[in-house]
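Below: the structure, in structure tokens.
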Amino acid sequence: MKTVHRTISVLLATKNRPSLIYNCVKSLLKSTYNNFEIILVDQSTTNETYKLISSLHANQLKYIRSTETGKTKSINKAIRIASGEIISL
């Protein structure tokens, strides 16, 4: 039986939590399952999250800066961008 490795889209929304989201993304990148993308929608008021996340140099990561407020709006934006067969929140 052939194992199917479906693409997973991991959706993250953050606001002013650079260290927490950095550690989360870093942990995801260590996964042994490699058929995934991470979509991070950042509503932060500073550039600290962007600076930390961009230092990871991860091809699986899509970073979106958003001026809209609210987790629901961020997740909806990420869903529209997601290309995975499975979506994880």
Side-chain angles (χ1 to χ4, degrees):
M1 186 161 101
K2 184 179 176 184
T3 303
V4 177
H5 294 285
R6 294 190 170 128
T7 304
I8 299 173
S9 294
V10 180
L11 312 183
L12 304 172
T14 190
K15 183 175 182 178
N16 298 328
R17 300 178 297 169
S19 295
L20 289 174
I21 204 70
Y22 173 81
N23 289 333
C24 177
V25 170
K26 197 168 146 184
S27 178
L28 287 167
L29 293 172
K30 291 180 182 177
S31 172
T32 57
Y33 189 86
N34 61 8
N35 196 13
F36 69 95
E37 66 178 353
I38 302 167
I39 301 174
L40 172 60
V41 181
D42 181 15
Q43 298 177 347
S44 298
T45 55
T46 69
N47 287 330
E48 290 306 308
T49 301
Y50 175 75
K51 289 177 187 175
L52 284 173
I53 293 299
S54 62
S55 72
L56 294 171
H57 305 288
N59 292 331
Q60 302 98 315
L61 179 64
K62 294 178 184 174
Y63 175 89
I64 297 111
R65 182 69 181 242
S66 178
T67 56
E68 295 180 311
T69 57
K71 186 174 183 178
T72 303
K73 288 181 182 179
S74 290
I75 294 300
N76 285 335
K77 184 175 279 198
I79 288 170
R80 287 191 296 272
I81 295 168
S83 62
E85 297 173 69
I86 299 169
I87 292 179
S88 175
L89 302 173

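Just so you know, these numbers use all the heavy atoms, side chains as well, and skip hydrogens, waters and symmetry mates. The first residue in the sequence is number 1, and the count goes up from there. Not measured: the values here are computed from a predicted model.
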Considering non-hydrogen atoms only, spot the tightest contact between [X] and [Y] and give its length.
X: A78; Y: L11; answer: CB-CD2, 3.9 Å
X: A82; Y: I39; answer: CA-CD1, 3.4 Å
X: I64; Y: K77; answer: CG2-CD, 3.9 Å

Spatial distance of atom NZ (K30) from atom OG1 (T32) [nearest 0.5 Å]: 13.0 Å
Is the closest side-chain donor-acceptor distance between [X] and [Y] under 3.5 Å?
X: S66; Y: Q43; answer: no
X: T7; Y: N35; answer: yes
X: N16; Y: T46; answer: no

Sub-4.5 Å side-chain heavy-atom contact between S83 and K62: yes
Residues clustering with L61 (ILVMFWY side chains joined when closer than 4.5 Å, directly or via others):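 In the cluster with L61 are I8, V10, L12, I21, Y22, V25, L28, L29, Y33, F36, I38, L40, Y50, L52, I53, L56, Y63, I86.
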R17 side-chain N/O to T49 backbone N/O, donor-acceptor pair under 3.5 Å: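 Side chain of R17 to backbone of T49, a donor-acceptor pair under 3.5 Å: no, none is there.
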